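This report refers to the structure that appears directly beneath it.
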Protein chains: 2
Amino acid sequence: MTEKRVRPAKRNGPATRTEMTDRQFSLISKALAAPRRYEILAEISRRQCATPCTCLSETQPISPATLSHHMKELENAGLVRIERQGKFANLTLQRDVLRAYLDRLASL
Amino acid sequence: MTEKRVRPAKRNGPATRTEMTDRQFSLISKALAAPRRYEILAEISRRQCATPCTCLSETQPISPATLSHHMKELENAGLVRIERQGKFANLTLQRDVLRAYLDRLASL
DNA sequence: TTGACATTTCGATGATTGTCAAACTGAGGA
DNA sequence: TCCTCAGTTTGACAATCATCGAAATGTCAA
């Protein structure tokens with residue numbers, strides 16, 4: 001699980017083209033294939049700042065174990081970043097990565 | 001399997017907004033989750049006209065049975081249209097549907 | 001009609017996956 | 001220290017899925 005993944009662009013100018021490996025493309029496709037994970041993404045995207053895990057727990061009718069699993073999948077695909085602070089975990093949508101994914105699909 | 005699905009826009013003007021149900025969104029997500037199906041889509045999108053099934057058969061290292069299965073999944077998701085003429089089947093990418101899918105993902 | 005060919009359907013199989021309960025870890029308050 | 005709370009890990013189970021071989025269907029030409 002130690003592979004290159006698309007990370008948020010780092011001051012490369014305004015119109016950065018984020019590259020994406022076939023591997024990550026596939027990971028994202030699979031991550032989006034579970035409706036529950038899309039819901040989680042939707043919830044996260046609704047907020048300005050990072051979304052606390054607990055919020056998701058209130059919205060999604062799933063066990064903590066399952067939520068944790070989905071969070072890991074989304075992080076692994078590069079779609080979210082998880083900041084851990086003490087007991088808490090906060091999720092941020094990685095819009096760069098999502099955009100790179102969409103760009104690739106759009107070029108079909 | 002008798003549900004409303006996004007169909008190619010029919011003379012609604014140049015900037016038609018294609019609607020999409022949650023159900024179809026989910027079907028498309030799942031259809032795209034299999035790398036093999038993405039490859040099939042990529043192959044189809046490379047051609048101007050409809051792609052004969054036989055062409056895919058040459059490109060994709062899978063049995064006819066499996067190819068047929070994937071074709072059905074893509075058709076069911078609305079991503080391709082299959083024209084059957086006698087013995088043959090020709091596939092066309094439904095760009096309207098793909099665009100509608102991308103639009104929805106982009107609005108996250 | 002007979003045979004060759006394109007595609008589909010059926011049945012089975014191995015792999016992946018979404019889910020949970022239970023046990024675990026780690027942080028912070030009393 | 002002890003307890004509670006947030007989140008993770010583990011192990012299990014049922015469901016879904018990609019794949020195949022074999023048999024079936026349907027088309028066309030000889």
Side-chain angles (χ1 to χ4, degrees), chain A residues 1 3 22-44 47 49-92, chain B residues 1 3 22-44 47 49-92:
Chain A
M1 212 71 80
E3 309 208 5
D22 286 358
R23 165 108 179 119
Q24 183 170 19
F25 181 76
S26 169
L27 283 177
I28 295 178
S29 297
K30 284 176 185 166
L32 292 173
R36 174 126 295 137
R37 282 194 289 263
Y38 171 78
E39 286 308 318
I40 292 175
L41 279 184
E43 178 74 27
I44 294 177
R47 308 176 182 266
C49 301
T51 307
C53 178
T54 316
C55 282
L56 300 173
S57 204
E58 289 163 5
T59 310
Q60 305 293 325
I62 50 178
S63 74
T66 304
L67 177 56
S68 181
H69 165 67
H70 287 318
M71 284 166 52
K72 198 158 54 172
E73 292 286 302
L74 289 170
E75 185 186 33
N76 190 235
L79 283 171
V80 308
R81 194 164 72 95
I82 307 185
E83 257 179 298
R84 284 162 233 267
Q85 294 180 12
K87 299 198 285 185
F88 305 102
N90 301 314
L91 292 81
T92 322
Chain B
M1 210 71 81
E3 308 210 3
D22 285 359
R23 164 109 180 118
Q24 182 169 20
F25 181 76
S26 169
L27 284 177
I28 295 179
S29 296
K30 283 176 184 164
L32 291 172
R36 174 126 294 138
R37 282 194 290 263
Y38 172 78
E39 287 307 318
I40 293 175
L41 279 185
E43 177 75 26
I44 294 177
R47 307 176 183 266
C49 302
T51 306
C53 176
T54 316
C55 281
L56 299 173
S57 203
E58 288 163 6
T59 309
Q60 305 292 325
I62 51 179
S63 74
T66 304
L67 178 55
S68 181
H69 164 68
H70 286 318
M71 285 166 49
K72 197 158 55 173
E73 293 286 303
L74 289 170
E75 185 187 33
N76 191 235
L79 283 172
V80 308
R81 193 165 73 96
I82 306 186
E83 256 179 299
R84 286 163 233 265
Q85 296 181 9
K87 300 197 284 185
F88 306 102
N90 300 314
L91 292 80
T92 321

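Computed from a predicted structure; not experimentally measured. Here is the naming used below: chain letters follow the sequence lines, and residue numbers restart at 1 for every chain.
- Nearest-nucleotide positions on DNA chain C place B:A89 closer to the 5' end than the other of A:H70 and B:A89.
- As rounded to whole Å, 16 Å separates atom C1' of C:dG18 from atom CE of A:M71.
- In this structure, CG in B:N90 is found 7.0 Å from OG1 in B:T92, a value given to the nearest 0.5 Å.
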task: Sugar-phosphate atoms are those with a prime plus P, OP1 and OP2; base atoms are the rest. Using that split, label each nucleotide of nucleotides 10-17 of chain C B, S or - for protein heavy atoms under 4.0 Å, 5' to 3'.
output: -------S

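- At whole-Å resolution of the value, CD in B:E75 and P in C:dT8 are 9 Å apart.
- In this structure, A:N90 places its CG atom 16 Å from P of C:dA27, rounding to the nearest Å.
- Note that SG of B:C55 and CG of B:L91 are 10.5 Å apart. Values are rounded to the nearest 0.5 Å.
- For the pair A:N76 CG and D:dT8 C1', the interatomic distance rounds to 15 Å; values are reported in whole Å.
- Residue A:L79 holds its CG atom at 9.5 Å from CD1 of A:I44, rounded to the nearest 0.5 Å.
- The main-chain N or O of B:A77 is found under 3.5 Å from a side-chain atom of B:Q24 such that the two form a donor-acceptor pair.
- The stretch residues 31-40 of chain B participates, sequence neighbours left out, in no salt bridge (Lys or Arg N to Asp or Glu O under 4.0 Å) pair at all.
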- request: Please report the C-alpha distance between B:H70 and B:I62 in whole Å, then the side-chain angles of each, then the deciding distance to 0.1 Å, and finally whether the side-chain contact (heavy atoms from CB on, under 4.5 Å) criterion is met.
  value: CA-CA 10 Å; B:H70 286 318; B:I62 51 179; 4.1 Å; yes

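- Of the inter-residue distances, the one linking B:K87 atom NZ with B:T54 atom OG1 reads 9.0 Å to the nearest 0.5 angstrom.
- Expressed to the nearest 0.5 Å, how far OG of A:S68 lies from CD of A:E73 amounts to 10.5 Å.
- A sub-4.0 Å separation between OP1 or OP2 of D:dG7 and a side-chain N or O of A:T54 is present.
- Listed pair A:R84 / D:dA6 fails the phosphate criterion, with no side-chain N or O lying under 4.0 Å from OP1 or OP2.
- C:dC5 atom C1' lies 8 Å from atom CZ of B:F88, rounded to whole Å.
- Phosphate contact (OP1/OP2 of D:dT19, side-chain N/O of B:T66, threshold under 4.0 Å): absent.
- Between the CG atom of A:L32 and the OG atom of B:S26 there is a distance of 11.0 Å, given to the nearest 0.5 Å.
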Under 3.5 Å, which protein N or O atoms sit close to an N or O of nucleotides 23-30 of chain D? Give each pair with its distance.
none

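- Between B:R36 and the phosphate of D:dT19, there is a side-chain N or O to OP1/OP2 separation shorter than 4.0 Å.
- Atom CG of A:L56 and atom P of D:dT8 are 11 Å apart (whole Å).
- What separates OH of A:Y38 from P of C:dG18 is a distance of 17 Å, to the nearest Å.
- The CD1 atom of A:I62 sits 14 Å away from the C1' atom of D:dT8 (whole-angstrom rounding).
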